[in-house]
Amino acid sequence: MTIGDNIRKKRKELGLSQRELASRIESDASYINRLETGKLNPSIASIEKIADVLHCSLDALVKGHNGDEDIHIQDKSLLERVRLIDAMDDEDKKAITHLIDALLTKKKIRELISEGSKT
């Protein structure tokens, strides 16, 4: 699924129209339509706004993950870091998650752009 497909799916799950989503991110319905139909690639800032309104992670919009997948971490130092993050207060966890999501989204967008330029 594309970013646009994932935005449409999440938007519909919440029962929002394109116009309602656009209003909440201070845009217009034609912008949402172009995103959902793949005619426009969103900026990271736009994806962050949309994810916030749709109450989902950036990963959910970029990759379509819903967060229910089993996670197996083999790198012991990474696993320890995840445990330490999990023990943080909610505000700090949210800040770290936001940063990680932004970096992963940036990487995925670059991959999508690179794949698009090959065709």
Side-chain angles (χ1 to χ4, degrees):
M1 292 181 78
T2 67
I3 291 174
D5 293 331
N6 295 330
I7 291 171
R8 180 184 300 113
K9 179 182 174 194
K10 291 290 186 183
R11 176 180 61 77
K12 287 186 175 189
E13 285 174 5
L14 292 176
L16 295 174
S17 68
Q18 289 181 341
R19 180 172 284 139
E20 289 170 318
L21 175 57
S23 174
R24 292 184 188 187
I25 66 164
E26 301 174 344
S27 186
D28 56 69
S30 65
Y31 175 73
I32 300 300
N33 182 269
R34 289 191 313 266
L35 291 178
E36 290 184 358
T37 58
K39 295 176 182 166
L40 181 66
N41 286 322
S43 67
I44 292 174
S46 292
I47 295 173
E48 287 176 332
K49 287 180 184 178
I50 293 168
D52 187 50
V53 169
L54 298 179
H55 309 291
C56 65
S57 69
L58 297 174
D59 198 43
L61 294 183
V62 174
K63 296 181 183 177
H65 294 171
N66 61 13
D68 295 336
E69 296 82 18
D70 288 333
I71 298 172
H72 303 282
I73 300 174
Q74 296 177 358
D75 183 329
K76 298 295 183 192
S77 65
L78 182 58
L79 180 59
E80 182 57 27
R81 287 181 175 98
V82 170
R83 285 186 181 129
L84 292 170
I85 291 168
D86 192 46
M88 292 177 157
D89 66 49
D90 287 343
E91 186 175 320
D92 289 343
K93 276 194 260 188
K94 185 176 179 180
I96 289 174
T97 301
H98 196 69
L99 176 63
I100 292 169
D101 283 347
L103 292 170
L104 294 174
T105 299
K106 182 178 176 181
K107 178 183 183 300
K108 184 61 177 175
I109 289 172
R110 284 184 178 162
E111 289 172 356
L112 291 171
I113 291 170
S114 175
E115 288 173 11
S117 67
K118 291 178 184 177
T119 57

Visitor: Would you mind listing every salt bridge (charged side-chain N to carboxylate O under 4.0 Å, His left out) that reaches into residues 33-51, with sequence neighbours excluded?
Guide: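 Output for this query lists R8-E36, R11-E36.
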Visitor: As an exercise, state the distance from OG1 of T2 to CG of L112, rounded to the nearest 0.5 Å.
Guide: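 If I round to the nearest 0.5 Å, the distance is 9.0 Å.
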Visitor: Hydrophobic cluster membership, with links at side-chain heavy-atom distances under 4.5 Å among I/L/V/M/F/W/Y: are I109 and M1 in one?
Guide: no
Visitor: Could you measure the distance from the CD1 atom of I7 to the CD atom of Q18? Nearest 0.5 Å is fine.
Guide: 10.5 Å
Visitor: For the side chain of T37 and the backbone of N33, is there at least one donor-acceptor N/O pair under 3.5 Å apart?
Guide: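 Side chain of T37 to backbone of N33, a donor-acceptor pair under 3.5 Å: yes, one is there.
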Visitor: G15 and E20: which non-hydrogen atoms are nearest, and at how many Å?
Guide: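 Scanning both residues, the minimum pair turns out to be O-OE1, 3.7 Å.
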Visitor: Can you tell me how far the CG atom of L79 sits from the NZ atom of K76, to the nearest 0.5 Å?
Guide: 6.5 Å
Visitor: Rounded to the nearest 0.5 Å, what separates atom NZ in K12 from atom OG in S17?
Guide: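 Nearest 0.5 Å value for the NZ-OG distance: 11.0 Å.
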Visitor: Rounded to the nearest 0.5 Å, what's the gap from OG on S46 to CG on L35? Could you check?
Guide: 7.0 Å
Visitor: Check side chain to side chain donor-acceptor pair (under 3.5 Å) between D28 and all other residues, then give those that pass, not counting sequence neighbours.
Guide: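 S30.
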Visitor: Return the set of residues passing side chain to side chain donor-acceptor pair (under 3.5 Å) with R19 (not counting sequence neighbours), or none when no residue passes.
Guide: none
Visitor: For the atom pair CG (D5) and CG (L61), what is the distance rounded to the nearest 0.5 Å?
Guide: 11.5 Å
Visitor: Identify the heavy atoms of A22 and A29 that sit nearest to each other, and give their distance.
Guide: CB-N, 3.5 Å
Visitor: Remaining members of I100's ILVMFWY cluster at a side-chain heavy-atom cut-off under 4.5 Å?
Guide: I85, M88, I96, L104
Visitor: Under a single-linkage rule joining Ile, Leu, Val, Met, Phe, Trp and Tyr whose side-chain heavy atoms are separated by less than 4.5 Å, which residues share a cluster with L103?
Guide: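 L103 clusters with L99.
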Visitor: Answer whether the closest heavy-atom distance between the side chains of I47 and I3 falls below 4.5 Å.
Guide: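 Contact flag for I47/I3 side chains = yes.
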Visitor: Any side-chain heavy atom of I25 within less than 4.5 Å of one from D52?
Guide: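 Of all side-chain heavy-atom pairs linking D52 with I25, none is under 4.5 Å.
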Visitor: Enumerate the residue pairs fulfilling side-chain hydrogen bond (donor to acceptor under 3.5 Å, both in side chains) with a member in residues 94-107, sequence neighbours excluded, ordered by first and then second residue.
Guide: K107-E111
Visitor: Would the number of heavy atoms belonging to other residues, nucleotides or ligands and lying under 6.0 Å from NZ of K9 be above 12?
Guide: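 Result for NZ/K9: open.
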Visitor: Could you check whether any side-chain N or O of K10 sits under 3.5 Å from a backbone N or O of C56, counting only pairs where one atom can act as donor and the other as acceptor?
Guide: no
